[in-house]
A.B. asks: 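Quick one: structure below, then a few questions.
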Number of protein chains: 2
Amino acid sequence: MTIMPAHSHLEDAAADTGAAVDIGPLSGLIGYALRRAQLAVLGDLGRCFAEQDIRPTQFAALVVLARNPGLRAGQVALALGMRRANFVPLLDGLEARGLAERGRAKDDRRASALFLTEAGAAMLARLEPLLAGHEAKFAARLGPDGRCQLMGLLHRIGDAAFDPG
Amino acid sequence: MTIMPAHSHLEDAAADTGAAVDIGPLSGLIGYALRRAQLAVLGDLGRCFAEQDIRPTQFAALVVLARNPGLRAGQVALALGMRRANFVPLLDGLEARGLAERGRAKDDRRASALFLTEAGAAMLARLEPLLAGHEAKFAARLGPDGRCQLMGLLHRIGDAAFDPG
DNA sequence: TATTGTTATACTCTATAACTATA
DNA sequence: TATAGTTATAGAGTATAACAATA
């Protein structure tokens with residue numbers, strides 16, 4: 001893979017006005033392709049959830065709370081791949097809208113015990129068809145086999161532990 | 001795909017202290033897998049380029065300038081998928097370090113003509129082996145066939161046009 | 001009037017350090 | 001002393017609006 005242009009002489013440079021831009025080796029990089037794909041998918045999910053005023057990360061937090069009632073805030077943050085400090089305003093927003101609530105753990109009075117409210121569960125129920133539509137959109141582009149292959153390949157990449165502290 | 005937990009009764013909630021967190025349907029979502037993979041790859045590229053104090057986006061700009069000498073700023077920004085306004089500080093940083101330079105187009109005195117300096121070309125030459133090492137790391141996890149499959153699948157997702165304006 | 005580069009600004013996401021109250 | 005949640009803050013990334021020079 002060569003990065004430098006075929007003609008390195010700046011004197012014969014053309015403004016390339018109107019012509020397509022040559023991105024060179026970028027198009028062959030895994031990270032570049034990942035970035036483009038992730039922008040497309042995350043942007044679409046954001047638009048699908050916009051009618052409920054829910055961001056993808058908020059949705060992920062609601063799902064984790066639904067599946068793990070009473071979980072500590074730090075555990076949720078870890079599961080979402082974010083710092084404990086950055087989870088605070090996210091949870092503040094969910095609690096202010098009555099979608100989640102903060103309790104206190106019985107055995108450890110420092111720790112919190114987070115729960116989804118009924119409104120939060122209802123929100124998840126409204127998000128479910130929106131999520132299904134979003135997912136189906138991209139599954140259709142990939143085909144059943146393609147989607148399965150992609151998930152396996154992405155897991156091989158992403159399963160390299162990343163510890164946000 | 002069901003989002004709600006099997007047991008919705010908050011009364012029998014367990015703190016799950018120590019146990020693995022159940023992320024439910026998130027693990028099956030294309031967007032979630034993409035996010036994890038992209039964090040792993042982009043983070044690794046950032047660490048590989050850290051010794052040269054170059055960020056992935058700066059690298060991409062250098063590559064585009066190398067392959068398209070004399071290109072306008074707005075064209076570079078478009079190729080990088082960012083707004084013209086946000087490209088200004090990025091280019092400022094490259095110019096301040098002597099890696100790129102701003103010229104003026106001959107035919108249109110509003111437009112700029114951007115060039116890589118010799119120092120910029122030397123920087124790209126130093127980055128090339130770092131990039132190769134990074135790319136090989138993930139290619140090894142995927143295998144030749146896996147890497148080829150992944151690139152094709154990611155292009156099928158990311159080729160949905162996104163216009164940053 | 002429209003466009004190029006630019007400035008200013010704001011909002012999100014992310015990262016670090018330090019505080020509090022518990023343990 | 002160590003930990004959980006929190007606060008404050010700073011840095012990137014990204015968004016819009018508007019301005020001066022030029023077309």
A.B. asks: Output the rounded distance in Å from CG (B:Leu91) to P (C:dT7).
C.D. replies: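 The answer, rounded to whole Å, is 11 Å.
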A.B. asks: Tell me which pairs pass salt bridge (Lys or Arg N to Asp or Glu O under 4.0 Å) where either residue lies in residues 113-122 of chain B, with sequence neighbours left out.
C.D. replies: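 Listed by first then second residue: nothing to list.
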A.B. asks: Rounded to the nearest angstrom, tell me the gap between atom CG in B:Asp92 and atom P in C:dT6.
C.D. replies: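 Taking CG of B:Asp92 and P of C:dT6, I get 7 Å after rounding.
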A.B. asks: Please give me the minimum heavy-atom distance between A:Leu142 and B:Arg156, naming the atom from each residue.
C.D. replies: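 Smallest heavy-atom distance, with atoms named: O-NH1, 3.1 Å.
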A.B. asks: May I ask you to evaluate whether A:Arg84 reaches the phosphate of C:dA15, defined as a side-chain N or O under 4.0 Å from OP1 or OP2?
C.D. replies: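 Looking at the OP1 and OP2 atoms of C:dA15, neither is under 4.0 Å from any side-chain N or O of A:Arg84.
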A.B. asks: Send over the distance from A:Arg83 CZ to D:dA4 C1', rounded to a whole Å.
C.D. replies: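 From A:Arg83 CZ to D:dA4 C1': 16 Å.
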A.B. asks: Report the residues that fulfil side chain to side chain donor-acceptor pair (under 3.5 Å) with B:Asp108, sequence neighbours left out, ordered by chain and then residue number.
C.D. replies: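 Scan of B:Asp108 (side chain to side chain donor-acceptor pair (under 3.5 Å), adjacent residues dropped) gives B:Arg110.
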A.B. asks: If you define the side chain from C-beta out and look only at heavy atoms, does anything of A:Leu34 sit under 4.5 Å from B:Leu34?
C.D. replies: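 In contact.
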A.B. asks: Can you sort out the partners of A:Arg126 under side chain to side chain donor-acceptor pair (under 3.5 Å), two or more places apart, ordered by chain and number?
C.D. replies: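 Checked A:Arg126 against side chain to side chain donor-acceptor pair (under 3.5 Å); matches are A:Gln52.
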A.B. asks: Not counting sequence neighbours, which residues clear side chain to side chain donor-acceptor pair (under 3.5 Å) with A:Asp92? List them please.
C.D. replies: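 Testing A:Asp92 for side chain to side chain donor-acceptor pair (under 3.5 Å), a comparison that skips the adjacent residues, returns A:Arg102.
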A.B. asks: Run the side chain to side chain donor-acceptor pair (under 3.5 Å) test against B:Asp44 and tell me which residues pass, sequence neighbours left out.
C.D. replies: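 Here the qualifying residues are B:His134, B:Lys137.
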A.B. asks: Identify, between B:Gly74 and A:Pro89, the residue whose nearest nucleotide on DNA chain C lies closer to the 5' end.
C.D. replies: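 Going by which nucleotide is closer to the 5' end, it is B:Gly74.
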A.B. asks: Nearest whole Å is fine: how far is D:dG5 C1' from A:Phe87 CZ?
C.D. replies: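 That distance rounds to 11 Å.
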A.B. asks: Enumerate the ring pair (Phe, Tyr, Trp, His ring centres under 6.0 Å) contacts for residues 29-58 of chain B, please, sequence neighbours excluded, ordered by first and then second residue.
C.D. replies: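 Qualifying pairs: B:Phe49-B:Phe59.
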A.B. asks: Within this structure, what is the CG-to-P distance between A:Leu94 and D:dG5, rounded to whole angstrom?
C.D. replies: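 Atom-to-atom, A:Leu94 to D:dG5, this comes out as 15 Å.
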A.B. asks: Could you state the CG-P distance from A:Leu90 to D:dT7, rounded to the nearest angstrom?
C.D. replies: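 Computing the A:Leu90:CG to D:dT7:P distance gives 14 Å.
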A.B. asks: Just the atom pairs and distances: protein N or O near nucleotides 21-23 of chain C's N or O, under 3.5 Å.
C.D. replies:
unit_1	atom_1	unit_2	atom_2	d
C:dA23	OP1	A:Arg109	N	2.9

A.B. asks: Can you tabulate the close N/O pairs, meaning under 3.5 Å, that link protein atoms to atoms of nucleotides 10-13 of chain C?
C.D. replies:
unit_1	atom_1	unit_2	atom_2	d
C:dT12	OP1	A:Arg55	NH2	3.3

A.B. asks: At less than 4.0 Å, is any side-chain N or O atom of A:Ser112 found next to OP1 or OP2 of D:dA4? Yes or no.
C.D. replies: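 Checking A:Ser112 against D:dA4: no side-chain N or O falls below 4.0 Å of OP1 or OP2.
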A.B. asks: Grab the CG-P distance between B:Asn86 and D:dG11 for me, whole Å please.
C.D. replies: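 Going from CG in B:Asn86 over to P in D:dG11 covers 18 Å.
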A.B. asks: For B:Ala113, enumerate each residue passing the side-chain contact (heavy atoms from CB on, under 4.5 Å) test, keeping only those at least two apart in sequence or located in another chain.
C.D. replies: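 Here the qualifying residues are B:Phe115.
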A.B. asks: Give the rounded distance in Å between these two atoms: CG of A:Leu78 and C1' of D:dT3.
C.D. replies: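 One finds 15 Å between C1' of D:dT3 and CG of A:Leu78, rounded.
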